[in-house]
Amino acid sequence: MTWSILRLLRENPEALRESMRKRGLDPSIVDRAVELDTAWRQLKRRVDEVRHRHNVVTRSISRARDPEERRRLIEEARRLIREREELEAQLKRVEEERRKLLLSLPNIVHESVPVGPSDEYNVPVRFWGKPRVHPDFLEAFRQQTEKYGFKVDYELIDWKPVGHADMLEKVLRLGDTLRAAKVAGSRFYYLFDDLVWLDLALLLYAMDKLTSKGYRLVEPPYMIRHKILMGVIDVETFKEAIYKIEGEDLYLIATAEHPLAGLYSGEEIMEDRLPIKLVGVSPCFRREAGAGNRDLKGIFRVHQFHKVEQFVYAKPEESWDILEELIRNAEELFQGLGLPYRVVNVASGELGAPAAKKYDLEVWMPAQGRYREMVSASNTTDWQSYRLNIRLVRRKGMVREYVHTLNATGIASTRTITAILENYQEPDGTVVIPKVLRRYLEPFERAPKEAIYPVKKE
RNA sequence: GCCGGGGUCGCCUAGCCUGGUAGGGCGCCGGCCUGCUAAGCCGGUGGGGGUGUCCCCGCGCGGGUUCAAAUCCCGCCCCCGGCGCCA
């Protein structure tokens with residue numbers, strides 16, 4: 001059973017150093033890891049050897065009948081224990097250090113990932129839809145399209161759309177972040193009436209589409225243990241994103257990805273059961289500790305929201321195809337909603353530690369003149385499954401390896417609502433409801449069907 | 001929260017009282033045999049190190065006793081059942 005990172009560490013450490021450099025991390029960690037691993041292996045041999053000698057003596061005691069002989073053997077065993085304990089203490093130290101270091105290593109950057117320290121190095125791979133562009137943003141629009149060699153058809157509009165935050169609080173008056181701040185703090189929100197229906201309709205839409213593709217619908221635990229959490233994220237993410245339950249070994253999930261990855265932790269999965277495709281629906285809780293003052297207004301970046309999440313357990317040889325499938329699924333959802341987007345191949349420096357490669361789907365925001373992230377799709381290869389000990393059993397020869405895991409947003413409710421508020425906005429402030437959502441609103445008498453209307457000005 | 005039962009190599013299970021290399025069944029893998037299939041027979045079946053034939057570790061987790069712990073002792077976690085509480 002081999003973990004890709006450990007294999008590379010022993011067989012081709014330079015490749016691992018290169019991967020670290022691409023992420024903008026110190027490659028000397030790799031050298032330290034090689035050192036520790038070598039030391040560990042040497043020490044392990046010595047310990048095993050002494051353990052063996054002790055075992056031989058110990059076993060011979062039960063067979064020894066002569067009391068004098070027994071006394072002599074027990075004396076010998078005691079001597080070996082002292083020798084063993086000294087070596088074992090050393091081994092334990094090295095082993096612990098090695099374990100920590102190995103778990104701190106990020107996934108290996110895939111060869112197709114653009115190299116660069118920031119999102120400016122993200123490479124758009126395709127565009128869809130016809131964005132509405134105000135003349136003020138025309139130059140910015142070109143910078144985000146033509147600069148990369150894409151010719152994107154757009155609609156020039158002569159009125160300036162109101163930003164999603166003001167739409168929410170002032171034009172529609174269906175959201176209240178000020179009172180939410182009073183009650184819970186900043187980055188919380190109250191949604192009312194039509195926007196609540198819209199939130200739920202978005203979730204139903206994504207659940208409906210993805211289950212029709214054969215994804216199994218899951219409502220997971222919203223709190224999970226520390227052990228599971230550290231199997232799916234790195235320490236940085238943990239510090240920035242995770243809420244802890246006081247006095248218990250429980251943490252609020254930041255996404256359904258976490259409990260879905262934990263679902264088969266510690267288990268063996270027969271290869272003919274793969275791929276296992278899941279669609280989770282859950283609230284998500286995020287501290288946004290590192291976000292600073294970014295997106296402080298509105299509901300673009302908040303401490304809690306609802307999300308429909310795609311998650312797949314896959315065989316290693318199929319995971320790269322499945323990553324494409326996941327981003328295509330998300331694209332279908334956004335095409336259905338009629339929101340113009342681009343897909344970017346995320347630069348090496350912006351990948352989270354778990355991901356080997358990541359696509360973001362970014363929707364054009366007419367009031368901001370920017371494409372903004374709505375969806376993230378990652379192949380985490382065996383990074384999570386190694387930590388969670390999820391093995392793949394091959395029929396042929398009963399070989400054991402680690403499965404690959406992948407995750408991707410389907411729809412994140414609040415963020416998608418911001419995109420709708422800007423893209424479906426009419427000059428008078430009316431927000432037209434995307435047609436695909438209407439069937440999920442039809443059954444409810446009080447739900448909006450065609451559009452959401454601004455409050456009348458007195 | 002209380003009481004009781006339990007956690008053994010993928011699954012099921014024996015061993016625990018009485019300490020001395022963890023056994024069986026199912027499943028799976030490889031082979032033999034056989035018109036085919038089934039059955040039958042033989043071997044294998046967790047992690048690690050080393051490598052022609054080897055060794056170490058592994059019985060929920062962590063300690064302790066012992067030359068030696070699945071087995072005895074202490075603490076903890078989890079699961080099941082009953083009681084209590086309860087949306």
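Below, chains carry the letters A, B, ... as their sequence lines are ordered, and counting in each starts from 1.
- Taking a cutoff of 4.0 Å between a charged side-chain nitrogen and a carboxylate oxygen, A/E18 and A/R21 qualify as a salt bridge.
- Atom pair A/E248:CD and B/rC78:C1' shows a separation of 14 Å (rounding to whole Å applied).
- Using a 4.0 Å cut-off between a side-chain N of Lys or Arg and a carboxylate O of Asp or Glu, A/E95 and A/K92 do not qualify as a salt bridge.
- Applying the 4.0 Å criterion to OP1 and OP2 of B/rU21, one finds that A/N55 has every side-chain N and O outside that range.
- Between the CD atom of A/E401 and the C1' atom of B/rC29 there is a distance of 15 Å, given to the nearest Å.
- Between A/E401 and A/R391 no salt bridge is recorded (no basic side-chain N to carboxylate O distance below 4.0 Å).
- Ionic pairing of A/D295 and A/R372 is present here: one or more N-O contacts between side-chain nitrogen and carboxylate oxygen are shorter than 4.0 angstrom.
- With B/rU66, B/rG50, B/rU21 as the choices, the nucleotide that has an atom nearest any side-chain atom of A/R45 turns out to be B/rG50.
- At the heavy-atom level, A/R225 lies under 4.0 Å from the strands shown only through sugar-phosphate atoms.
- Between the CZ atom of A/R71 and the C1' atom of B/rC67 there is a distance of 14 Å, rounded to whole Å.
- For A/R70, taking side-chain heavy atoms from C-beta onward, the closest of the listed nucleotides B/rG20, B/rG50, B/rG63 is B/rG20.
- For the P atoms, the distance from B/rG19 to B/rC28 is 40 Å, rounded to whole Å.
- Going from the P atom of B/rG60 to that of B/rG15 covers 15 Å, rounded to whole Å.
- Between A/W3 and A/Y386, the ring planes lie parallel to each other; the angle is under 30°, not in the 30° to 60° tilted range.
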- Note on the structure: Encoded 5' to 3' (Watson-Crick or G-U under 3.5 Å; [ ] crossing; | other strand), RNA chain B becomes ((((((((.[[[[.)....(..]]]]((((((.......))))))((((....))))..[[[[[..)....]]]]])))))))....
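- Taking every side-chain heavy atom of A/I81 into account, B/rC67 is the closest of B/rC67, B/rG63, B/rG48.
- Residue A/E268 contributes atom CD, which lies 17 Å from atom P of B/rG27 at whole-angstrom precision.
- The same atom, P, is picked in B/rU8 and in B/rC79; the two are 15 Å apart, to the nearest Å.
- Both tests hold for A/R273 against A/Y264: distance to the six-membered ring centre under 6.0 Å, angle to the ring axis within 45°.
- Rounded to a whole angstrom, the distance from the P atom of B/rU71 to that of B/rC33 is 46 Å.
- In this structure, A/E288 does not pair ionically with A/R286, as no charged nitrogen and carboxylate oxygen lie closer than 4.0 Å.
- Salt bridge A/E49/A/R46: absent, no basic N to carboxylate O contact under 4.0 Å.
- A/K44 has its NZ atom 14 Å from the P atom of B/rU51, to the nearest Å.
- Dashed line: the shortest gap from a side-chain N or O of A/R10 to OP1 or OP2 of B/rG49 is under 4.0 Å.
- Here B/rG46 is the nucleotide among B/rG46, B/rG20, B/rG49 with the atom lying nearest to any side-chain atom of A/R400.
- Between the NE2 atom of A/H52 and the P atom of B/rC67 there is a distance of 21 Å, given to the nearest Å.
- The nearest whole Å value for the distance from the CZ atom in A/R41 to the C1' atom in B/rC56 is 16 Å.
- Atom CG of A/L392 and atom C1' of B/rG10 are 13 Å apart (whole Å).
- Taking the side chain of A/H54 as heavy atoms from C-beta on, and the options B/rG49, B/rA68, B/rG63, the nearest nucleotide is B/rA68.
- Positionally, the nearest nucleotide of RNA chain B for A/M270 lies more toward the 5' end than for the other of A/A77 and A/M270.
- Each of B/rU21, B/rG10, B/rG20 was ranked by its minimum atom distance to the side chain of A/I61; first place goes to B/rG20.
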